[in-house]
Amino acid sequence: DSNEVSEVENFVKANKVAPNPEAFGKAEGKNVIYISMESLQSFMIGRELNGEEVTPFLNSLVEDQNAMYFDNFFHQTGQGKTSDAEFILENSLYPLPQGAVFMTHANNTYQSAPALLKDKGYTSATFHGNYKTFWNRSEMYRSMGYDKFFDATYYDMNNPEEQLPYGLKDGPFFKESMPMLESLKQPFYAKFISLSNHFPFDRHEEDANFDTADTHDGVVNRYFQTAHYMDKQLENFVNDLKEKGLYDNTMIVLYGDHYGISDNHNKAMSEILGKEVGPYESAQLQRVPLFILNSGAKGGVNHTYGGQIDIRPTVMHLLGVDTKDYLSFGQDLLSKERKQIVPFRNGDVISDKYSNIKGVCYDNETGKPVEEGNEEAKKACEAMSKDAQKRLELSDKVIYEDLLRFYEPEGYTPIDRKDYQYVNPNP
Ligand code: GP9
Ligand code: MN
């Protein structure tokens, strides 16, 4: 009830940090495009295989002064994988400890990014080469207030060469999306969910034109090929946006949705990285790339420690939208006041100094457990775990008890999910 909302509200308000005045509003009025980069982890950025860059396009963005790149940025997903990433990004709430919130709590009241931006005149749409029922998206998107959902029925799914277990390959996906994107009223808020770089990273030998790695582990080996293919499709898409005259007025946010290489492949990963991958390294490997292109704010590489939960306030502030009245848990990645703590759904926590992994406190500088008797480090690790626990607990409460029903941000028009339906008129 409303008492419980106050508890969350008090915590959330105390946790809010002021936007960075040099970045606030720099992208005001621009279109927004999110691109979910399937299974892409940060260790691929800047990496070469046999003298060739795996992700040359993304690497070029690291150098691009119009682009921000966050190199200490982590996914925070749980069992809901891609859908958890979507959920975190658009609500700035944590996903659930068990199951996928898209499946279990699709009928809740949310105050999601598409809904918040609707009040600013934005049209929202998701593009994805899989069918609308996967991850229960078509139900969840109604609660999130998505105007349009271009699912697989909008794409040519008849060419077996272009089909993967989860849908359409990225090349034709981005290509066929363009006219649909152009049909949207501007400013738009659009999300593109790629899928070629999906486990088991198959069927891109010919169209990637890139080597596989040569560990004993085929999954890890092929990951290089599919990641290279995705990188190429991203480049083509951005070029296409430029050609269509859409680029200049659009801010583009590219993010890795979750890990691609699980702990089962630590041995091959040790070969790739040239160091033992144990619990500490495996937690550090949960870094996923985050790029923000063309926001109008200063670009460059940003080393702040953050996670997917922090994207919404970052993007909203770039768009000039104040977030102080929203019930959400992230902190603007560009704010100078932010607390650099990244809670994970498995209970681990990483900060800019320490990593508390399975109850062991590591020093990030050495990658080793802190010395017996280092009380300062122990205290810091305990404090950050407690803090993380609190955040997860309150976020879970918002979802389990559907608390946003009782909360209305200033000037916000609530979404009635009955107003939203995703039926393709010409399937
Ligand atoms: C399927 C795609 C992949 O629609 O989003 O989902 P994942 O298995 O990565 O959650
Ligand atoms: Mn995914």
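Every number for a ligand or one of its atoms is a count from 1 in the order of the listing.
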| Where does the angle between the aromatic ring planes of Tyr34 and Tyr255 fall among parallel (under 30°), tilted (30 to 60°) and perpendicular (over 60°)? | perpendicular

| field | Nearest candidate to atom 5 (O) of ligand 1, where distance is taken over non-hydrogen atoms, out of Lys132, Glu86, Arg137 | value | Arg137

| Vertex the Mn ion (ligand 2), arms to Thr82 OG1 and Glu38 OE1, rounded to 10° | 100°

| note | Heavy-atom closest pair (Pro97 atom, Asp396 atom, distance to 0.1 Å) is CD-OD2, 3.7 Å

| query | How are the rings of Phe24 and His317 set to each other: parallel, tilted or perpendicular (split at 30° and 60°)? | reply | tilted

| message | Which of the numbered atoms in ligand 1 are under 4.0 angstrom from any heavy atom belonging to Glu38? | response | 3 (C), 9 (O)

| said: Once you measure the plane-to-plane angle for Phe87 and Tyr110, does it fall in the parallel (<30°), tilted (30-60°) or perpendicular (>60°) bin? | reply: perpendicular

| said: Do the side chains of Glu161 and Lys169 get close enough for a salt bridge, i.e. N-O under 4.0 angstrom? | reply: no

| query | Heavy-atom contacts under 4.0 Å between Trp135 and ligand 1: side chain, backbone, both, or neither? | reply | side chain

| For ligand 1, which atoms sit closer than 4.0 Å to a heavy atom of Phe134? | 1 (C), 4 (O)

| request: Specify the closest pair of heavy atoms between Phe344 and Phe74, including all atoms of both residues, with the distance to one decimal. | output: CZ-CD2, 3.6 Å

| Is the distance between the Mn ion (ligand 2) and the nearest N/O/S atom of Ser36 smaller than 2.8 Å? | no

| the Mn ion (ligand 2) is nearest to which N, O or S atom of His258? | NE2

| remark: Of Arg137, Lys191, Arg312, the one forming a salt bridge (Lys or Arg N to Asp or Glu O under 4.0 Å) with Glu90 is Lys191

| query | Is Leu195 touching ligand 1 with its side chain, its backbone, both, or neither, if touching means heavy atoms under 4.0 Å apart? | reply | neither

| message | Whether the Ser385 and Asn356 side chains hold a donor-acceptor pair (N or O, under 3.5 Å, no angle test) is what I'd like checked. | response | yes

| message | Are there over 12 heavy-atom neighbours, none belonging to Lys118, within less than 6.0 Å of that residue's NZ? | response | yes

| Nearest candidate to atom 8 (O) of ligand 1, where distance is taken over non-hydrogen atoms, out of Gln79, Lys81, His258, His198 | His198

| task | Just need the protein heavy atom nearest to atom 4 (O) of ligand 1, so name the residue and atom and give the distance. | result | His128 NE2, 2.6 Å

| remark: The closest protein heavy-atom partner of atom 6 (O) of ligand 1 is Thr82 OG1, 2.9 Å

| query | Which N, O or S atom name in Asp257 marks its closest approach to the Mn ion (ligand 2)? | reply | OD2

| query | Looking at Asn130, which atoms of ligand 1 are within less than 4.0 Å of one of its heavy atoms? | reply | 1 (C), 4 (O)

